[in-house]
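Values reported hereafter were calculated over all heavy atoms of this structure, with side chains retained and with hydrogens, waters and symmetry mates removed.
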Amino acid sequence: EVQLVESGGGSVQTGGSLRLSCTASGFTFDDPIMGWYRQTPGNECELVSSITSSGRTYYSASVKGRFTISQDNAKNTVYLQMNNLKPEDSAVYYCAARGAGDFWYRVVCDSRTAYWGKGAQVTISA
């Protein structure tokens, strides 16, 4: 059974930084992709960033230049370093994983398009 466990959410002021971590277990995929979605109230999950096992990365336009995704394959962990945070970054951030292929840019959270973590709240105050 695939499990994704997130940590690192919290509250900071505008301009601050946070780092999210996601540790995966139960993976048996040859070429997985891992990433982060975020959801604001009343909206679908929006893909923020992703990284393949070979290191190919994706960032949404709204976070490019401020967020950095990385992975430690030995620890089966993916990180999202978030710098220069803005109030509009406030959301629940979900770690997600797929056995192959790419993520959808917008999906219903916890849909069968991926494996999902339980989410981590990130709140940025003005």
Nearest-0.5 Å distance that lies between atom CG in L80 and atom OG1 in T68: 8.0 Å
Counting distance only, does the side-chain N/O of Y59 pair as donor-acceptor with the main-chain N or O of I69 below 3.5 Å? yes
Of all the heavy-atom pairs spanning W36 and V78, show the shortest one and how long it is. CZ2-O, 3.9 Å
Please say yes or no: joined through hydrophobic side-chain contacts below 4.5 Å, possibly via intermediate residues, are I33 and W116 part of one cluster? yes
To the nearest 0.5 Å, atom CD of E6 lies from atom SG of C95 at 5.5 Å
Look up atom CD1 in I124 and atom CG in L18, then write down how far apart they are to the nearest 0.5 Å. 5.5 Å
Residues G117 and Y94: closest non-hydrogen pair is O-CD2, 3.6 Å
When you compare the side chain of F29 with that of R98, does any pair of heavy atoms fall below 4.5 Å? no
Between Q71 and T77, is there a donor-acceptor pair closer than 3.5 Å when you use the side chain of the first and the backbone of the second? no
Shortest non-hydrogen contact between L4 and C22, atoms and distance: CB-SG, 3.9 Å
Linking I/L/V/M/F/W/Y whenever their side-chain heavy atoms sit closer than 4.5 Å, directly or via other members, would L20 and L47 fall into one cluster? no
Indicate, with yes or no, if Y115 and V107 share a hydrophobic cluster defined by side-chain heavy-atom contacts under 4.5 Å among Ile, Leu, Val, Met, Phe, Trp and Tyr. no
Aromatic contact between F67 and Y79, with the criterion being ring centroids under 6.0 Å apart: yes or no? no
Flag yes if V92 and V122 sit in one hydrophobic cluster, no otherwise; membership is Ile, Leu, Val, Met, Phe, Trp, Tyr, and two members link when side-chain heavy atoms are under 4.5 Å apart. no
Does D110 pair with K118 as a salt bridge, N-O distance under 4.0 Å? no
Spacing of CG belonging to N84 relative to OG belonging to S17, to within rounding of 0.5 Å: 8.0 Å
Main-chain N/O of Y58 paired with S49 side-chain donor or acceptor, under 3.5 Å: yes
Ring-ring centroid check F103 Y37, cutoff 6.0 Å: yes
Carboxylate-amine/guanidinium proximity below 4.0 Å for R38 and E46: yes
When rounded to the nearest 0.5 angstrom, what is the spacing between CD in E88 and OG1 in T40? 11.0 Å
Can you see which heavy atom on D89 is nearest to which on R66, and at what distance? OD2-NH1, 2.7 Å
If every non-hydrogen atom of A114 is compared with every non-hydrogen atom of A96, which pair is closest and at what distance? CB-CB, 4.2 Å
Is there a chain of hydrophobic side chains (I, L, V, M, F, W, Y, each step under 4.5 Å between heavy atoms) that links V48 to M34? yes
Gap separating the CZ atom of R106 from the CD atom of Q39, nearest 0.5 angstrom: 11.0 Å
